[in-house]
Amino acid sequence: MGIAIKYSKKLQLMSKLMSLVIVQPTNDSNTQPYGVSPPFSLPPFDSLPPSNRPPYFPPPSSTSGTVPSPTPTSSSGPISSPPSYIPSPFGSHTSPLVFLPPIVYPPPTVPPPPYVAPNSALWCVAKPSVPDPIVQEAMNYACVAGADCDSIQPSGSCFQPDSLFAHASYAFNSYWQKTKVDGGTCEFGGTAILVAADPSYDGCQFEYHN
């Protein structure tokens, strides 16, 4: 008789436990609600109170000499941000490089001295390699343009030697000495040349003007 009573009580306890079992729907979809409410429920993760434990800070590096800033955190985890400090590869005691602007010197205030030609005596004579007709034409131009051609006439002091080269040389030099201050040149169409040796000879003095 006692065994039947114990067995009956055991069946009643098992039926109560079975009534508390959560019956899930046969549909595999997770969108359907549960058939029976669970005996207890947990609050959502975001509603959990924050932990009172302070955040963990890594110990400072012995080589950099600077304490890194703490990583910002939130309830969902640490927030990633770019590092605000990059240790120097040359050590903490190396001074930073300083770039100075280039030095620009002002231009000189005093103008350069004017060019002075060397003080050497020059004379203008005919080129011996030029054909006579060309030299004759150039000598005629010099005599008309202002050269002293009276000295190369038969009665002049520079008529001798009686040669076209000697007469043209005297006429070229006379014209150039008179006009070189005003920009005259010793060219005469390529028939004349400057020489540093005085072409004067006995009884014939070639002109020279500083």
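Computed from heavy atoms alone, side chains included, the values below leave out hydrogens, waters and symmetry copies. Numbering starts at 1 and runs along the sequence shown.
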> Can you name the nearest heavy-atom pair linking Lys178 to His209, along with the distance?
Replying inline: N-CD2, 4.4 Å

> What do the steps show when you test Tyr170 against Asp148 for side chain to side chain contact (heavy atoms under 4.5 Å, CB included), and what is the final call?
Replying inline: CA-CA 8 Å; Tyr170 185 88; Asp148 179 17; 3.5 Å; yes

> Between Asn173 and Cys124, is there a donor-acceptor pair closer than 3.5 Å when you use the side chain of the first and the backbone of the second?
Replying inline: yes

>> If I compare all heavy atoms of Cys143 with all of Ala171, which pair ends up nearest, and what's the gap?
In response: SG-CB, 4.2 Å

>> Show the nearest heavy-atom pair for residues Pro199 and Phe206, with the distance to one decimal.
In response: CG-CD2, 3.4 Å

> Which residue pairs pass the ring pair (Phe, Tyr, Trp, His ring centres under 6.0 Å) test with at least one member in residues 142-164, sequence neighbours excluded?
Replying inline: Phe159-His167

> Looking at Phe172, does the NZ or CZ of Lys180 lie under 6.0 angstrom from its six-membered ring centre and within 45 degrees of the ring axis?
Replying inline: no

> Where is the tightest heavy-atom contact between Val130 and Gly190, given as atom of each residue plus distance?
Replying inline: CG2-O, 4.0 Å

>> Would Ile193 and Lys127 count as a side chain to side chain contact (heavy atoms under 4.5 Å, CB included) here? Give the steps.
In response: CA-CA 6 Å; Ile193 188 174; Lys127 288 182 180 179; 4.1 Å; yes

> Taking only residues at least two apart or on different chains, which pairs with a member in residues 152-165 satisfy side chain to side chain donor-acceptor pair (under 3.5 Å)?
Replying inline: none

>> Donor-acceptor pair, distance only, cut-off 3.5 Å: does the side chain of Trp176 make one with the backbone of Gly184?
In response: yes

>> A side-chain contact here means heavy atoms from C-beta on lying under 4.5 Å apart; do Met139 and Phe188 qualify?
In response: no

> Shortest non-hydrogen contact from Gln205 to Ser200?
Replying inline: NE2-OG, 3.4 Å

